[in-house]
Amino acid sequence: MFAAIIKKDIENILVNTKINWKNFKNKSFLITGANGFIASYIINLLIYLNYYKKFNIRVILLTRNKKKIKDKFINRNTSKFIKVFQHDLVKKVQIKGKIDYVFH
């Protein structure tokens with residue numbers, strides 16, 4: 001699922017005791033610019049938390065290139081909790097449901 005180096009990076013990130021990772025359980029995240037480098041790492045971290053730690057995180061991704069995001073992140077394991085929207089942020093964003101965290 002993850003490249004070995006990314007998995008190792010995420011595992012190193014998760015040992016940070018200054019962050020209470022359990023606060024992310026059952027939360028929703030909106031990430032804009034989802035094709036970017038930093039956004040990609042955040043998305044991989046959230047996927048890891050769902051897949052390995054069963055955090056039940058909902059992820060909403062905004063991108064200008066929906067196909068690229070789907071090719072990169074969507075598979076049978078992630079399609080249950082990741083929603084992808086092709087959107088230009090020049091226009092108003094309207095997402096149904098509660099959003100707990102926004103990464104822009």
Side-chain angles (χ1 to χ4, degrees):
M1 174 172 254
F2 296 101
I5 188 74
I6 292 173
K7 186 175 181 196
K8 181 81 171 149
D9 282 349
I10 291 170
E11 289 168 349
N12 286 332
I13 289 167
L14 291 176
V15 298
N16 183 338
T17 57
K18 293 181 181 181
I19 297 173
N20 184 353
W21 296 104
K22 291 181 181 176
N23 287 335
F24 290 176
K25 275 188 167 185
N26 302 308
K27 300 295 181 182
S28 61
F29 292 77
L30 172 65
I31 302 173
T32 65
N35 279 316
F37 179 75
I38 293 172
S40 292
Y41 253 77
I42 293 169
I43 295 163
N44 279 312
L45 172 67
L46 298 174
I47 290 170
Y48 183 98
L49 289 172
N50 267 353
Y51 190 76
Y52 292 103
K53 305 290 184 179
K54 310 296 185 221
F55 268 35
N56 190 38
I57 294 170
R58 184 174 140 222
V59 182
I60 302 157
L61 306 177
L62 297 182
T63 182
R64 285 184 275 172
N65 189 335
K66 191 173 183 177
K67 182 183 178 339
K68 188 174 178 182
I69 285 293
K70 284 187 169 189
D71 291 346
K72 194 182 217 181
F73 296 112
I74 306 300
N75 60 47
R76 67 184 182 147
N77 296 316
T78 63
S79 64
K80 298 170 190 134
F81 63 88
I82 295 179
K83 301 296 177 217
V84 181
F85 296 94
Q86 189 162 326
H87 188 79
D88 186 345
L89 287 179
V90 172
K91 299 175 184 167
K92 185 177 180 178
V93 177
Q94 292 185 352
I95 303 290
K96 292 181 181 178
K98 181 181 176 190
I99 304 293
D100 297 297
Y101 297 97
V102 176
F103 290 96
H104 175 66

In Ile10, Asn16, Thr17, the residue satisfying side chain to side chain contact (heavy atoms under 4.5 Å, CB included) with Leu14 is Ile10
When Asn26, Leu45, Ile82, Asn50 are each screened for side chain to side chain contact (heavy atoms under 4.5 Å, CB included) with Ile57, the one that passes is Asn50
Residue pairs passing the salt bridge (Lys or Arg N to Asp or Glu O under 4.0 Å) test with at least one member in residues 53-62, sequence neighbours excluded, are none
So salt bridge (Lys or Arg N to Asp or Glu O under 4.0 Å) across residues 93-104, not counting sequence neighbours, yields Lys98-Asp100
Hits for ring-ring contact (aromatic ring centres under 6.0 Å, His included) against Phe55, two or more places apart or cross-chain, chain-then-number order -> none
[Y] side chain reached by [X] side chain, heavy atoms, under 4.5 Å:
X     : Y     : value
Ile69 : Asn65 : no
Glu11 : Tyr52 : no
Ile47 : Phe81 : yes
Ile95 : Phe85 : yes

Rounding to 0.5 Å, atoms CG (Leu61) and CD1 (Ile74) come to a distance of 6.5 Å
Interatomic distance, CH2@Trp21 vs CG@Leu49, rounded to 0.5 Å, equals 7.0 Å
Looking only at heavy atoms, the pair that brings Lys80 and Lys83 closest together is O-NZ, 4.5 Å
With a 4.5 Å cut-off on side-chain heavy-atom distances among I, L, V, M, F, W and Y, is there a chain of contacts connecting Ile5 to Tyr48? yes
With sequence neighbours left out, the residues meeting side-chain contact (heavy atoms from CB on, under 4.5 Å) with Asn12 are Lys8
With sequence neighbours left out, the residues meeting side-chain contact (heavy atoms from CB on, under 4.5 Å) with Asn23 are Asn20, Tyr101
Indicate every side-chain donor-acceptor pair of residues 32-43 with a distance under 3.5 Å to a residue at least two apart or in another chain.
unit_1	atom_1	unit_2	atom_2	d
Thr32	OG1	Phe103	O	3.4
Thr32	OG1	His104	ND1	2.6
Asn35	ND2	Thr63	OG1	2.8
Ser40	OG	Gly36	O	2.8
Ser40	OG	Lys72	NZ	2.9
Tyr41	OH	Asp9	OD2	2.5

